[in-house]
Amino acid sequence: MLANMLRFDIITIFPDFFREAIDYGIIRRRHHVVDDRPFGGGDGMILKPEPLFAGVEALTGQSNRNDYQVGTRVILLSAQGRVFSQAFAQDLSESAVQVILLCGRYEGVDERVSEALATDEVSIGDYVLSGGEPAAMVVIDAVVRLLPGALGSETSALNESFSEGQLDHPQYTRPPDFRGMKVPEVLLSGNHAEIELWRKEAALAKTRRNRPDLLK
Ligand code: SAH
């Protein structure tokens with residue numbers, strides 16, 4: 001099978017955020033002013049559309065989401081977006097060829113970026129970050145580990161948390177007795193049918209305890 005290549009581009013005013021995590025190159029462009037005051041009044045500054053349009057145009061040759069090549073996704077990280085999920089990560093890992101992540105800052109991004117450039121507006125959860133950079137890192141991490149060859153075993157993504165509407169089962173390793181806390185006997189039994197059954201029940205119990213919403 002051909003490995004599917006997936007290219008990520010990040011448009012950010014703080015590229016150093018990614019220095020440790022990602023091997024990267026920078027397209028430097030001089031936009032002396034990247035932010036401005038909101039029309040209609042209010043606190044803080046808004047990222048201007050020009051630098052983001054210029055960045056996407058430089059990467060795709062296009063300035064409207066209807067004109068990108070098939071497989072190009074332009075993701076605006078935003079607290080107002082649809083909440084990121086394992087299903088969305090799976091979709092990107094299977095169908096995207098190029099993912100461009102747009103990171104907001106300050107009070108957010110001029111809405112014309114969402115209207116014209118973004119194929120997806122994505123939030124990583126119901127809280128407000130000071131910038132889109134950590135959210136971009138989350139999206140990249142969740143997608144990359146699903147790419148063929150990224151995991152230790154090709155099947156290990158199949159029974160993880162969220163892949164079947166519930167959480168993964170608890171895991172134990174050596175020692176079997178740690179400070180009096182014992183590994184469940186059944187896991188040491190070598191009885192695969194019983195182990196499977198225990199894992200199913202333990203996963204369900206944990207989902208019920210920590211994430212009852214997943215079971216509705
Ligand atoms: N005023 C905005 C928040 C701006 S926070 C609001 O209330 O909706 C500044 C930037 O951080 C945003 O433009 C976005 O890129 C990023 N950000 C904040 N929270 C985020 C979240 N939950 N998911 C993804 N990106 C987020």
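Atoms considered below: every heavy atom in the structure, side chains included; atoms not considered: hydrogens, waters and symmetry mates. Each ligand, and each atom within it, is numbered from 1 in the order the structure gives.
- Among protein residues, Leu77, Ser78, Ala79, Gln80, Gly104, Arg105, Tyr106, Glu107, Gly108, Val122, Ser123, Ile124, Gly125, Tyr127, Val128, Leu129, Ser130, Gly131, Gly132, Ala135 come within 4.0 Å of ligand 1, judged on heavy atoms.
- Interatomic distance, CZ of Phe14 versus OG of Ser130, reported as 9.0 Å (0.5 Å rounding).
- What you find for Val139 and Ile124 is that their closest heavy atoms are CG2-CG2, 4.5 Å.
- The backbone N or O of Val74 lies less than 3.5 Å from a partner atom in the side chain of Thr119, making a donor-acceptor pair.
- For Arg65 (side chain) and Ser114 (main-chain N/O), a donor-acceptor pair under 3.5 Å exists by modelled atom type.
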Side-chain donor-acceptor contacts of residues 164-186 below 3.5 Å, not counting sequence neighbours, with atom names and distances?
{"from": "Asp177", "atom 1": "OD1", "to": "Gly180", "atom 2": "N", "distance (Å)": "2.9"}

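- Atoms CZ and CE, on Arg37 and Met45 in that order, are 7.0 Å from each other to the nearest 0.5 Å.
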